[in-house]
Amino acid sequence: MTDSKRQKVIVIGGVALGAGAAAKVRREDEHAEIIMLERGPYISFANCGLPYYISGVIDDRNELLLHTPESLKKRFNIDVRVLQEATGIDRDRKVVEVKDLNTGQSYVQPYDKLVLAMGADPIIPPLPGIDLNGIFQIRTVPDVDAIKTWMQEPSVRRAVVIGAGFIGLETVENLIEAGLEVALVEKAPQVLPPFDTEMTALALNELRKLGVEVILGDGVQSFQGETQALAVTLESGRVLNADMFIIGIGVRPNTKLARTAGLEVAPNGALRLNEYLQTSDPDIYSGGDMAEIPHLVDGEKRWIPLAGPANKQGRVIGLNIAGKKTKFRGAQGTSIVRVGEIALGMTGLSERSAKQLGLHFLTSYNTAGHHAGYYPGAQDLTLKLVFEQGTGRLLGGQAAGREGVDKRIDVLATAIYNGMTVSELAELDLAYAPPFASAKDPIIMAGMAAENLLRGDATAVYHADELQTPEVALLDVRDDDEVAEGMIKGAKHIPLDQLRQRVDELDRNKNWVVYCRSGHRSYFASRFLRGQGFKQVHNLNGGYVVQQMHASTQDPVQAVAETRR
């Protein structure tokens with residue numbers, strides 16, 4: 001192939017999308033001229049691993065650098081240019097205007113195909129004092145280098161983390177690991193805002209157990225200090241003194257260059273793409289944190305800034321630049337985070353999101369051991385399913401616990417991707433041995449519980465606080481030792497194994513709501529009472545465990561009967 005026929009491909013930005021696209025182009029076309037432009041000093045690094053470098057869990061800084069300009073040149077013959085800032089795109093001439101940050105000089109670089117992989121920029125609000133020393137963000141390797149250097153000072157003992165999203169909580173965990181006292185500030189009324197509130201209870205309790213001062217429902221007003229930030233004032237007027245502050249309140253798509261070039265942008269600020277990841281200019285591709293993509297649950301385009309989709313999009317872009325028409329179906333926001341000994345995972349739509357979309361749906365909970373209860377070490381795992389009313393199609397799932405969260409969220413993510421129903425969840429053939437799972441895996445149990453609601457074999461209410469009315473009575477069917485640790489106020493206690501003998505103690509004219517620890521035994525009790533002629537019998541969805549989760553997060557969700565919209 002002569003040089004005149006070589007395809008010129010420019011990739012602006014690196015990390016998951018950019019480096020992945022460049023490498024895939026090379027694997028598909030050995031003769032293409034591939035140039036990567038990066039305004040920072042590093043082209044490919046593990047940004048998801050940055051918080052763990054702060055604590056020393058990842059002790060070798062080089063482990064964060066997945067590729068260097070030299071390694072990409074040697075392996076893929078890619079011309080990588082760091083400290084090169086793309087300042088403009090002339091789509092008519094098909095050139096990128098570039099500023100060399102080493103020399104300050106500018107030049108133009110022609111392209112046949114262009115990939116925009118600049119990702120997202122951290123949101124740094126223009127607050128008084130925001131430019132003081134001692135205020136950091138965690139987005140790049142230089143960011144964590146600066147934090148590590150600052151933390152080496154003996155006087156640095158207390159930190160304030162602003163933002164309780166995924167990065168914020170990982171940062172808190174690693175600052176604790178490094179020996180600092182930590183306060184966490186979040187403007188939303190819960191940690192991990194993408195999750196439904198009650199599902200964050202374990203993480204919130206774990207943070208408190210780790211000694212973190214958690215402040216929810218309060219934003220930042222200003223920072224105080226002369227040259228160094230010494231305190232932060234919250235919107236409530238509360239003042240927190242600290243030696244360092246880390247801001248992680250979110251990111252926004254870095255689309256300034258794209259907008260200046262006249263590319264179409266969605267109202268949320270993300271680039272609009274077609275199914276082949278082309279922008280409104282067919283010779284310019286994008287994805288990752290810059291662009292919106294279809295959500296696999298409802299097909300609507302959304303901004304989903306996660307590493308998993310970005311990596312896959314890099315591959316699709318590379319294939320399409322090489323002439324292989326490949327579609328990107330979308331993503332569903334599958335994610336997981338660890339806080340101390342607790343893990344939380346989610347995939348698809350939350351209950352809150354489904355409600356905002358106006359969908360007709362039901363929810364169910366199931367709490368069970370992550371492996372066989374008789375095998376030592378079983379830990380509680382709570383699953384929440386959101387599924388379509390009528391069809392039972394799985395819309396979303398969340399999991400919280402100490403063990404087994406990752407495995408179950410991945411199963412739920414696979415089920416959503418394939419459009420499965422909760423009934424099909426209950427029929428899955430999953431691996432079983434006592435150290436790994438139960439014969440009825442928590443996924444299968446969750447599917448069965450959801451199917452019972454779908455079929456009308458059980459009806460459910462969702463919040464005990466709304467049930468204290470004269471016509472409603474609560475029945476606790478847990479064992480005596482469980483009740484000794486607490487019960488819902490006003491409930492009548494009859495252990496499940498005594499219910500047949502004591503059923504005449506119950507008023508058949510009452511509207512009975514039955515609960516146990518997790519909803520399993522109360523389902524048995526509900527079916528028995530119905531069989532005995534009780535007309536109004538409901539199961540408290542999720543049982544005592546979920547009610548305690550609601551209580552510990554002070555969730556204002558109102559109780560509703562079996563159908564929710």
Participant: Indicate the atoms forming the closest heavy-atom contact of S286 with L17, along with that distance.
Facilitator: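 Taking S286 first and L17 second, the nearest heavy atoms are C-CD2, 4.3 Å.
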Participant: Please determine if K355 forms a cation-pi arrangement with F361, meaning its NZ or CZ atom is less than 6.0 Å from the six-membered ring centre and no more than 45° off the ring axis.
Facilitator: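 No, cation not above the ring by the 6.0 Å, 45° rule.
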Participant: Restricting to side chain to side chain contact (heavy atoms under 4.5 Å, CB included), what partner residues turn up for K209, sequence neighbours left out?
Facilitator: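 Per chain and number, K209 pairs via side chain to side chain contact (heavy atoms under 4.5 Å, CB included) with E206, E341, R402.
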Participant: Taking C-beta and beyond as the side chain, do N541 and V546 meet within less than 4.5 Å on heavy atoms?
Facilitator: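 Contact flag for N541/V546 side chains = no.
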Participant: Only counting residues at least two apart or in another chain, list the ones meeting side chain to side chain contact (heavy atoms under 4.5 Å, CB included) with A164.
Facilitator: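 Only L169, L184, E186, V191 meet the side chain to side chain contact (heavy atoms under 4.5 Å, CB included) criterion with A164.
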Participant: I'd like to know whether T553 forms a side chain to side chain donor-acceptor pair (under 3.5 Å) with E198, so could you lay out the CA-CA distance, the side-chain angles of the two residues, the decisive distance to 0.1 Å, and finally the verdict.
Facilitator: CA-CA 6 Å; T553 55; E198 76 280 6; over 6 Å; no
Participant: H520: what forms a side chain to side chain contact (heavy atoms under 4.5 Å, CB included) with it, not counting sequence neighbours?
Facilitator: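 H520: side chain to side chain contact (heavy atoms under 4.5 Å, CB included) contacts with M445, S518, F524.
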Participant: What are the two closest non-hydrogen atoms of C48 and E170, and how far apart are they?
Facilitator: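 Distance-wise, the nearest heavy atoms are O-OE1, 4.4 Å.
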Participant: If every non-hydrogen atom of K407 is compared with every non-hydrogen atom of F436, which pair is closest and at what distance?
Facilitator: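 Reported closest heavy-atom pair: NZ-O, 4.0 Å.
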Participant: Does anything in residues 372-392 pair up under ring-ring contact (aromatic ring centres under 6.0 Å, His included), and if so which pairs, sequence neighbours excluded?
Facilitator: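 Every ring-ring contact (aromatic ring centres under 6.0 Å, His included) pair that includes a residue of residues 372-392, provided the two are not neighbours, is H371-Y375.
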Participant: Partners of P267 by side chain to side chain contact (heavy atoms under 4.5 Å, CB included), sequence neighbours excluded?
Facilitator: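 Partners of P267 under the side chain to side chain contact (heavy atoms under 4.5 Å, CB included) test: R272.
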Participant: Output yes when a side-chain donor or acceptor of Y365 lies under 3.5 Å from a complementary backbone atom of V545, and no otherwise.
Facilitator: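 No, because the side chain of Y365 does not come within donor-acceptor range (under 3.5 Å) of the backbone of V545.
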Participant: Which heavy-atom pair separates P442 from G369 by the least distance, and what is that distance?
Facilitator: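 Taking P442 first and G369 second, the nearest heavy atoms are CG-O, 3.4 Å.
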Participant: Before accepting this row, confirm whether a basic side-chain N of the pair E292/K301 lies closer than 4.0 Å to the acidic partner's carboxylate O.
Facilitator: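 No, E292 and K301 are not salt-bridged.
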Participant: What residue pairs, at least two apart or across chains, pass side-chain hydrogen bond (donor to acceptor under 3.5 Å, both in side chains) with a residue in residues 434-444?
Facilitator: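 Qualifying pairs, neighbours excluded: R408-D441.
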Participant: Between R521 and E482 (salt bridge meaning N to carboxylate O under 4.0 Å), is one present in this structure?
Facilitator: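 Here R521 pairs with E482 in a salt bridge, since their nearest N and O are under 4.0 Å apart.
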